[in-house]
Student: 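One structure coming up, written as structure tokens, with questions to follow.
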Amino acid sequence: MKKLTKKMNALFITVMAITLTGILITALGYHNIQQEALKMGKTQLEQVNEVSTKLIVAEITSSASDLDSFVTDTINTDTALQLPQQNNLITQFFMRNHAFSGIFLFDKEGQPLESHYSAKNQVTNSTLSKKMTTDPFFQKALKGQVNQNGKVYFIQQNSFFNLYHPIYNTKKELQGLVVVPLNLEQLFLDKIQPTDTEQRYPLMKNEKMEVVMHPAREQIGLNIITGRKKRFPNLDYTDLEKLDVYQKKHEKGSLSYHSYWWNESDLTSVLKLNAFQWVKIGEERFVIANTADFYQDNGWILHDLLINLGLVVILLMVASLLVLMVRLLAKQQHTTNENQRLKEKRQLEAEKHQLEKSLLQESKMETIGLVTTGIVHDMNNFLTPLIGNIELLMTEHTDDPELIADLEDMHYAAKKGQQLSQRILHFSKEKDQTKKVQSLNQAIEEAVTTMKILIPKSVTIIKEIDLSADALFQQDDVQVLLYNLITNAYQAKSDATITVSLTTPSAVMQAKITEGAFIYQNKKLALIQVSDNGPGIDKSIKDQIFTPFLTTRKEAGGTGLGLFIVSSIVKRNSWLMEVTSSKEGTTFSLIIPISSKES
């Protein structure tokens, strides 16, 4: 009995030692994986913040472009300085962007001439009118010395800055100034705020570290330290103060810290990840940041480790009660944990392998593109002297018809090869372009011709040109737009038939367009349509197809940026686009105003 007791005690001590060792190893593993998860989370959040920054800047730039287009299209500098007298024009202007809180016209001395307020204005009109002119750049704007917008100001938990558009007469003399207060918080809530989680969102602060954009409107205008301390004096701001200092000293970066979710009623300290970068918008400098809950995004890894740690503790308790069964239970538990670890390892390796395959494929495609461009460039260099020598031989042997016929065949084939190489080189060439009045027909012809070279042979492109028209645009805009729409069509169906047409809109469509868009009134319009016979767009995502990074072909290498690029080009040029889709196919209809060469 004593020998059995000694064996049981020895077994108990051994199991306890092994168990305690396991607890220590698991705790160390927990710490290491937590650090790795922090590093990975920061990297991912930095990528998200890059996209958020571009989106915020793009939305503000688009708002400024809307103001520029409105003033250019509606204010006549040859008559008395005034805003358009048709009420529906200003109403439509406010409907384009609910963040436009009003529109004000000043003469060159700064005296107010006219003002209109949006029905969606979030603050009182009199307060907005007084606060607007306190912008330190207002006087400079009256002299035409302000780039797009001034400084941020706050009214009733709303953030604003003024968009400026100076008005010049035909002699380039400054006549007045149009000012539109842009409600940045409203712009954020309408266009930028994510909807997937309350524990992950972008925000924007000015140089004074005052909140300009935030999901919780009550945070607007608060300094992230002093303002919040006044409202919540009993909270711990130690890490938040470190964040404040770090962001002021660095142009961009990421870090982890403890803080609170300010849009929640119960303020509890959590571990956050933050990625940020500074940007200059007009005359103001902002820091745009994305904040995420570390445990929400990475908690599953730590949760599994905590489960394993708990199981080990349970084993210790079982071992103290049932010493004789410890070996069996430990063996079973070890097998379970090992299987779970192997499954997780296989899953992580599979995900890593898939990521490596994607990166390798992208690298291959980039390399192929560079090599192809080099080959085509060399082929073009080879063909140039060949064509010259053939033409010289044709000149020297005009008295030999049979030889001339053979040389003409060789000359035709060589010229075709040179044209092909030039098209491919032109398609791959990147260069800055300015808008100019040019032929829509030529741009469509070049885009379709180039795409016929690049797309699979199983895809058929039909070109229907029933209109000859010129328009004001960048040639690359039309080509990139058609490239993305054609690519989207044949990726949806490998043997697709795609029709690209250029026509005049029907009378019904023309009336509908001019009724809804005042800038197209009394203008001739061109209709570009790209149609396919694919499976159509799923109804569940039809309203989201222009959302960046939305794709149904992730495994096939889709990035979800094609239609977002299309919508960006359309929006930047103030064109109109309509999408119709059914099981028989999809049609993208693009409306472009026609211009004359003289304009």
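One-based numbering along the sequence shown. Note that the structure is a prediction, hence the values are computed from the model and not measured.
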Student: Quick one, V500 with M451, criterion side chain to side chain contact (heavy atoms under 4.5 Å, CB included). Give me CA distance, side-chain angles, the key distance, then yes/no.
Tutor: CA-CA 11 Å; V500 180; M451 287 306 297; over 6 Å; no
Student: For I60 and F161: C-alpha separation, side-chain torsions, deciding distance, then whether side chain to side chain contact (heavy atoms under 4.5 Å, CB included) applies.
Tutor: CA-CA 11 Å; I60 293 175; F161 63 40; 3.7 Å; yes
Student: Side chain to side chain contact (heavy atoms under 4.5 Å, CB included) between Q277 and N49: does it pass, once the steps are laid out?
Tutor: CA-CA 8 Å; Q277 71 178 84; N49 196 61; 4.0 Å; yes
Student: Should the ring pair F93 and F100 be called parallel, tilted or perpendicular, given that the plane angle runs from 0 to 90° and is split at 30 and 60?
Tutor: parallel
Student: Any donor and acceptor pair, going by atom type alone, linking the side chain of H250 with main-chain N or O of K252 inside 3.5 Å?
Tutor: no
Student: Working note: S101 + L182, criterion side chain to side chain contact (heavy atoms under 4.5 Å, CB included); need CA distance, chi angles, decisive distance, verdict.
Tutor: CA-CA 6 Å; S101 298; L182 183 68; over 6 Å; no
Student: What do you reckon, is NZ of K42 surrounded by more than 12 foreign heavy atoms closer than 6.0 Å?
Tutor: yes
Student: To the nearest 0.5 Å, tell me how far I592 CD1 sits from N573 CG.
Tutor: 7.5 Å
Student: Is there side-chain contact between S115 and I103, with at least one heavy-atom pair below 4.5 Å?
Tutor: no
Student: Where do Y153 and L128 come nearest, in terms of heavy atoms and distance?
Tutor: OH-CD1, 4.2 Å
Student: Identify the two heavy atoms, one from S52 and one from N290, that lie closest to each other, and give their separation to 0.1 Å.
Tutor: OG-ND2, 3.0 Å
Student: Quick one: which of I90, V180, V178 gives a side chain to side chain contact (heavy atoms under 4.5 Å, CB included) with F70?
Tutor: I90
Student: Hey, what do you get for CG (L527) to OG (S506), rounding to the nearest 0.5 Å?
Tutor: 8.0 Å
Student: Salt bridge check, E445 against K463: does any charged N sit closer than 4.0 Å to a carboxylate O?
Tutor: yes
Student: Quick check: does any side chain N or O of S581 sit under 3.5 Å from a backbone N or O of I537, one acting as donor and the other as acceptor?
Tutor: yes
Student: Within this structure, what is the CE-CD distance for the pair M213 and Q219, rounded to the nearest 0.5 Å?
Tutor: 15.5 Å
Student: Can you list the steps and then say if S589 with E578 is a side-chain hydrogen bond (donor to acceptor under 3.5 Å, both in side chains)?
Tutor: CA-CA 5 Å; S589 301; E578 184 178 69; 5.0 Å; no
Student: List the residues meeting side-chain contact (heavy atoms from CB on, under 4.5 Å) with S468, not counting sequence neighbours, and say none if there are none.
Tutor: N441
Student: Do you know which two heavy atoms are closest between F188 and P215, and how far apart they sit?
Tutor: CE2-N, 3.4 Å
Student: Within the distance-only criterion (no hydrogens, no angle test), does the side chain of N484 pair as donor or acceptor with the backbone N or O of V480 below 3.5 angstrom?
Tutor: yes
Student: Is there a side-chain hydrogen bond (donor to acceptor under 3.5 Å, both in side chains) between S582 and E584 once you walk through the steps?
Tutor: CA-CA 5 Å; S582 66; E584 287 71 37; 3.1 Å; yes
Student: Please examine the side chains of M132 and F160, heavy atoms only from C-beta on, and report whether any two atoms are closer than 4.5 Å.
Tutor: no
Student: Using the side chain to side chain contact (heavy atoms under 4.5 Å, CB included) rule, pick out the option among N125, L83, L105 that qualifies with H116.
Tutor: L83
Student: Quick one: are T291 and L273 in side-chain contact, heavy atoms under 4.5 Å?
Tutor: no
Student: Can you tell me how far apart CG (L177) and CD (Q139) are? Round to the nearest 0.5 Å.
Tutor: 10.0 Å
Student: Tell me, please, which residues at least two apart from F137 pass ring pair (Phe, Tyr, Trp, His ring centres under 6.0 Å).
Tutor: none
Student: Ignoring hydrogens and angles, write down the donor-acceptor pairs under 3.5 Å from the side chains of residues 142-150, residues two or more places apart or on other chains.
Tutor:
unit_1 : atom_1 : unit_2 : atom_2 : d
N149   : ND2    : I281   : O      : 3.0

Student: Would you give me the side-chain donor-acceptor pairs under 3.5 Å for residues 204-212, sequence neighbours excluded?
Tutor:
unit_1 : atom_1 : unit_2 : atom_2 : d
K205   : NZ     : Q247   : OE1    : 2.6
N206   : OD1    : K208   : N      : 3.0
N206   : OD1    : M209   : N      : 3.2
N206   : OD1    : E210   : N      : 2.9
N206   : ND2    : E210   : OE1    : 3.0

Student: According to the side-chain hydrogen bond (donor to acceptor under 3.5 Å, both in side chains) rule, which pairs have a member within residues 171-187, sequence neighbours left out?
Tutor: Q122-Q186, N158-N183, N169-E173, Q186-D190, Q186-R217
Student: Within the structure provided, determine whether L440 and D470 are in side-chain contact (heavy-atom separation under 4.5 Å).
Tutor: no
Student: Would you say that S62 contacts R572 through its side chain, given a criterion of any heavy-atom pair below 4.5 Å between the two side chains?
Tutor: no
Student: So that I can tick it off, tell me whether K151 and D135 are bridged by a salt bridge, with the cut-off set at under 4.0 angstrom between side-chain N and carboxylate O.
Tutor: no
Student: Among residues at least two apart in sequence or on other chains, which ones pass ring pair (Phe, Tyr, Trp, His ring centres under 6.0 Å) with F104?
Tutor: Y117
Student: Salt bridge or not for K54 and E59, using N-O below 4.0 Å?
Tutor: no
Student: Are side-chain heavy atoms of L590 and L576 found at a separation under 4.5 Å?
Tutor: no
Student: What heavy-atom pair brings A447 and L482 nearest, and what distance separates the two atoms?
Tutor: CB-CD1, 3.8 Å
Student: Counting only heavy atoms not in K120 (residues, nucleotides, ligands), do more than 12 fall under 6.0 Å from its NZ?
Tutor: no
Student: Is there a side-chain hydrogen bond (donor to acceptor under 3.5 Å, both in side chains) between T503 and D466 once you walk through the steps?
Tutor: CA-CA 5 Å; T503 59; D466 298 328; 6.0 Å; no
Student: Minimum heavy-atom separation for A496 and A489, please, with both atom names.
Tutor: CB-O, 4.1 Å
Student: Is Y490 close to I461 at the side-chain level, that is, under 4.5 Å between some pair of heavy atoms?
Tutor: no
Student: Nearest 0.5 Å please: distance from the OG1 atom of T449 over to the CD atom of Q479.
Tutor: 10.0 Å
Student: Is a side-chain donor or acceptor of T134 paired with a backbone partner of K131 at a separation under 3.5 angstrom?
Tutor: yes
Student: Spell out, as yes or no, whether a donor-acceptor pair under 3.5 Å connects the side chain of N162 to the backbone of Y164.
Tutor: no
Student: More than 12 heavy atoms of other residues, nucleotides or ligands under 6.0 Å from NZ of K280: yes or no?
Tutor: yes
Student: With a 4.5 Å heavy-atom cut-off, do I167 and I75 have their side chains touching?
Tutor: yes
Student: For K493, look at atom NZ and say whether over 12 heavy atoms of other residues, nucleotides or ligands are found less than 6.0 Å away.
Tutor: yes
Student: Please report the closest heavy-atom contact between S254 and E46, naming both atoms and the distance.
Tutor: OG-OE2, 2.7 Å
Student: List the steps, then state whether side-chain hydrogen bond (donor to acceptor under 3.5 Å, both in side chains) holds for Q442 with Q438.
Tutor: CA-CA 8 Å; Q442 182 178 351; Q438 53 190 312; over 6 Å; no
Student: Any chance you could measure L502, atom CG, to L467, atom CG, to the nearest 0.5 Å?
Tutor: 5.0 Å
